[in-house]
Amino acid sequence: MSKKSIYYKYRLILLLGAILASFGFSPKIYAQNISAPDTTDSSAISVKNQDFPQWGYYTVRRDFRRCASPRCGGFFIKQNNLKATPCVDGVFRNECYVSSINWSSLKLPLDKLAKVQNQDSSRLILRGTIVPVEFPGIGEFGELRVKEAFIAATDVPTKGTFVTLKNNGIVCFTTPCFSTDQFILNQPQSSQISSIDLSQTRATPEQIEAANKEIFALGLIAVGTTKVVDDLNPTKRDVKFVATQFYLRVKPN
């Protein structure tokens, strides 16, 4: 088989795995049989010469069950935008239990790490990888090894699709200007938009400024809907992303 054939076969498997995961599965369907190798990791996708880690984003909720650790007391995590998440045992579930979260890659000072860990978990988005950890005499459990952490700007409930918005370098002299790439988290989809509305998030001017800086840097994670604003001139239709919430990246400094 030629290298070109192998490449296209791999891309087809990757796309099929993502599509199947988005529809959800019963607990008896195993990830190793249908998913791509990168469904639990943070592989990068290239769009117009941009490399962006489009996979491996999770929402988190604490486990308040009363039983001995590591069986209880950890976290339940699920991939944004997907109905089923591949867990450490290779099974797709609505959410995966992990006994712990490893924050060491963030390299945060202890006081800042404590502030992140004490956040309401519903306000966090974590990018990372689920890895197996063996507990002698008990069994194997998952651990989420975090690569990036993001905190919601406000308490406004989220509604819509989780995306990252990133400036693509296009410069225009007229509007609409499609200068922002929109990456759908945990799915192999991207598009261009011409404007962004953050007003529904109820963020402060300082938070809006920080969000705009993120768009021009590594990208801003937001949740919302994409709308086409009609114009009498069909060539001037504005494609606008209306956010209900956005998340600011946690940085060491």
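Keep in mind that this is a model prediction, so the values were computed, not measured.
Qualifying side-chain contact (heavy atoms from CB on, under 4.5 Å) partners for E209, counting only residues two or more places apart in sequence or in other chains: K213. The ring-ring contact (aromatic ring centres under 6.0 Å, His included) search around F75 returns none, not counting sequence neighbours.
Here the side chain of N168 pairs a donor or acceptor atom with the backbone of F178 at under 3.5 angstrom. Although no hydrogens or angles enter the test, the distance criterion places no donor-acceptor pair under 3.5 Å between the side chain of T85 and the main chain of E95. At least one donor-acceptor pair under 3.5 Å links the side chain of N81 to the backbone N or O of F162. Panel note: side chain N167, backbone A217; no donor-acceptor pair is recorded below 3.5 Å. Distance alone, capped at 3.5 Å, places no donor-acceptor pair between the R61 side chain and the F76 backbone. For Q54 (side chain) and Q187 (main-chain N/O), a donor-acceptor pair under 3.5 Å exists by modelled atom type. A donor-acceptor pair under 3.5 Å links the side-chain atoms of N186 to the main chain of N80, judged by distance alone. Without hydrogens or angle criteria, R249 side chain to G219 main chain gives a donor-acceptor distance under 3.5 Å. In this structure, the side chain of T244 engages the main chain of V223 through a donor-acceptor pair within 3.5 Å. No donor-acceptor pair under 3.5 Å is formed between the side chain of Y58 and the backbone N or O of G128.
The minimum heavy-atom distance between K251 and L108, with the atom names listed, is O-CD2, 3.7 Å. Between G142 and I130, the shortest heavy-atom contact is CA-CG2, 4.2 Å.
The aromatic rings of F135 and F141 sit perpendicular to each other, their planes meeting at more than 60°, with 30° as the lower class boundary.
In this structure, the separation between CG on L248 and CG on L220 is 7.0 Å, given to the nearest 0.5 Å. Atoms CD1 and CG, from I77 and L126 in turn, are 8.0 Å apart once rounded to the nearest 0.5 Å.
The side chain to side chain donor-acceptor pair (under 3.5 Å) pairs that include a residue from residues 151-163 are T154-Q245, where partners are two or more places apart or lie in different chains.
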